[in-house]
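In this chain, numbering begins with 1 at the start of the sequence shown. Remember, predicted model here, so these are calculated numbers, not experimental data.
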Amino acid sequence: MRRLENDYDTFYFLNKGELTSPFIDSEQIEDSVRDIYKEQVKKMPNANMITGLIEFVHSVVKNRIKFNANNVNKFNRTAEDVFDSRKTIDANDYTLLFATFARQIRIPTTCLFAVEKNKIQDIVTRTDQKEVLTKSFCECCFDDQWILVDPEKGFINYEYNPNSISVLEGKNKEKSYAAYYRGLDFGMKQTMEELSSFEKRKCKGLIYASSVDSNYSNREYV
């Protein structure tokens, strides 16, 4: 997956998606985020509008992910649906809200979907059509650079590689993810079976791309 860099990327990712259409007044969001950010600066000098937005997202919903491991509606909601429910049932819910609000306050933002690199082969060969292992992130163009944001965990990476995203989860436990799809969002509400099939298809593409890159790098030129 290519790195984001050009003017087209910045322009395109200010658009709304099917699942990330605005539903709250933009000025209200910006005022709320700015107030949070100003409070954060008192304790955290490197706070900015991104950290403020992360906290704002967490303030409008309650985390109910661990109670919804088998919820069939995990990927079948819009950002507005998530907000109206006042609870998140999957990490993707944080991504939808963050992307929606970020674009409203003029921060170009993607939804970036990835899987653990050591699970790619398992995803391709699995037969369970209800299992989904996707982890979602956001990429934001902020202060003239693209950065990676995990809206659920609250971390920001200023120098990231979409093909190898390192995430520290738990004590000294690092996971490495490879992004397989970037968009305004998934484009439509999906059932677990539909997303499982989509995830499997994209992971086959990751294996193919990795094989091509490996063959290319191993060539000898005379």
Side-chain angles (χ1 to χ4, degrees), residues 3-17 19-65 77-114 135-162 165-170 177 179 182-185:
R3 296 172 186 264
L4 293 165
E5 54 186 25
N6 58 41
D7 291 341
Y8 175 79
D9 293 329
T10 304
F11 172 78
Y12 179 75
F13 287 109
L14 279 173
N15 289 297
K16 65 181 180 180
L19 307 180
T20 47
S21 293
F23 54 90
I24 299 177
D25 180 73
S26 297
E27 288 187 9
Q28 179 183 339
I29 294 171
E30 186 161 11
D31 288 344
S32 297
V33 172
R34 199 173 297 280
D35 287 343
I36 292 171
Y37 151 53
K38 288 179 179 178
E39 284 299 311
Q40 287 180 331
V41 170
K42 296 176 183 178
K43 299 179 180 179
M44 190 168 58
N46 62 341
N48 52 42
M49 289 294 283
I50 299 295
T51 61
L53 181 53
I54 291 171
E55 186 172 327
F56 174 70
V57 168
H58 281 257
S59 73
V60 298
V61 287
K62 292 183 178 180
N63 188 327
R64 291 293 180 267
I65 294 175
R77 304 199 296 171
T78 66
E80 185 172 9
D81 292 336
V82 175
F83 181 84
D84 287 344
S85 74
R86 293 297 193 275
K87 63 182 180 182
T88 56
I89 61 176
D90 186 80
N92 183 58
D93 292 340
Y94 287 106
T95 299
L96 292 179
L97 288 174
F98 183 92
T100 302
F101 297 152
R103 293 170 195 153
Q104 284 188 260
I105 59 176
R106 301 174 298 283
I107 299 174
T109 301
T110 78
C111 289
L112 187 72
F113 302 96
K135 165 76 174 173
S136 56
F137 300 92
C138 284
E139 297 163 294
C140 299
C141 187
F142 187 72
D143 282 348
D144 296 321
Q145 74 173 110
W146 284 95
I147 63 175
L148 185 76
V149 179
D150 183 338
E152 179 205 6
K153 301 296 185 183
F155 80 78
I156 302 169
N157 190 335
Y158 289 89
E159 294 182 9
Y160 73 100
N161 177 354
I165 301 169
S166 295
V167 177
L168 192 63
E169 297 187 2
Y177 292 85
R182 171 191 286 137
L184 294 170
D185 48 49

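When every heavy atom of Ile107 is checked against every heavy atom of Phe142, the shortest pair comes out as CD1-CD1, 4.4 Å. Listed here is the closest heavy atom pair of Thr20 and Ala79: CA-CB, 4.4 Å. Of all heavy-atom pairs spanning Ile147 and Ile50, the tightest one is CD1-CG1, 4.2 Å. Between Ser26 and Gln104 the shortest heavy-atom distance is OG-NE2, 2.9 Å. The nearest pair of heavy atoms linking Asn63 to Tyr94 is CB-OH, 3.2 Å. Summarising the geometry of Pro151 relative to Cys138, their closest heavy-atom pair is CG-SG, 3.9 Å, with the distance given to 0.1 Å.
If you take CD on Glu27 and CD1 on Ile29, they are separated by 11.0 Å, rounding to the nearest 0.5 Å. Rounded to the nearest 0.5 angstrom, Phe155 CZ and Leu168 CG are separated by 9.0 Å. Here CG of Leu96 is found 7.0 Å from OG of Ser136. Values are rounded to the nearest 0.5 Å. Ile156 contributes atom CD1, which lies 4.5 Å from atom CD1 of Ile54 (distance to the nearest 0.5 angstrom). Here the NZ-OG1 distance, from Lys62 to Thr88, works out to 11.5 Å after rounding to the nearest 0.5 Å. Interatomic distance, CD of Gln40 versus CE of Met49, reported as 10.5 Å (0.5 Å rounding).
Proximity of Tyr12 to Leu184: side-chain heavy atoms (C-beta onward) are separated by under 4.5 Å at one or more points. Side-chain atoms of Pro162 and Phe137, non-hydrogen and from C-beta on, never get closer than 4.5 Å to each other. Using a 4.5 Å heavy-atom threshold, the side chains of Ile65 and Glu152 count as touching. Proximity of Trp146 to Pro108: side-chain heavy atoms (C-beta onward) are separated by under 4.5 Å at one or more points. Here the side chains of Asn48 and Asp143 are not in contact, with every heavy-atom distance at 4.5 Å or above. You'll find the side chain of Cys140 reaches within 4.5 Å of the side chain of Val149, heavy atoms only. The shortest distance between side-chain heavy atoms of Leu148 and Glu139 falls below 4.5 Å. Contact check for Phe56 versus Ile105: no side-chain heavy atoms found under the 4.5 Å cut-off.
Annotation: Phe11, atom CZ; neighbour count of heavy atoms from other residues, nucleotides and ligands within 6.0 Å does not exceed 12. Enclosure of atom CG in Asp7 is not indicated, since only 12 or fewer non-hydrogen atoms of other residues, nucleotides or ligands lie within 6.0 angstrom.
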Exercise. Does the side chain to side chain contact (heavy atoms under 4.5 Å, CB included) test come out yes or no for Glu80 and Thr100, once each step is laid out?
Worked result: CA-CA 9 Å; Glu80 185 172 9; Thr100 302; over 6 Å; no
For this session: Would you please test Thr95 and Asn92 for side chain to side chain contact (heavy atoms under 4.5 Å, CB included) and show each step?
Result: CA-CA 5 Å; Thr95 299; Asn92 183 58; 4.3 Å; yes
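Side-chain N or O atoms of His58 include none that pairs as donor or acceptor with a backbone N or O of Leu53 at under 3.5 Å. A distance-only check finds no donor-acceptor pair linking the side chain of Thr110 to the backbone of Arg182 [under 3.5 Å]. With hydrogens and angles disregarded, no donor-acceptor distance shorter than 3.5 Å links the side chain of Arg103 to the backbone of Ser21. Judged purely by atom type and a 3.5 angstrom limit, Asp90 has no side-chain atom pairing as donor or acceptor with the backbone of Asp93. A donor-acceptor pair under 3.5 Å is absent between the side-chain atoms of Asp9 and the main chain of Leu4, judged by distance alone.
In summary, the side chains of Asp81 and Thr78 do present a donor paired with an acceptor at a separation below 3.5 Å, with no hydrogens or angles considered. Side chain to side chain, Arg77 and Ser85 meet the donor-acceptor criterion of an N or O pair below 3.5 Å.
Using the six-membered ring where Trp is involved, Phe83 and Phe101 have ring planes that are perpendicular, over 60° apart on the 30 and 60° scheme.
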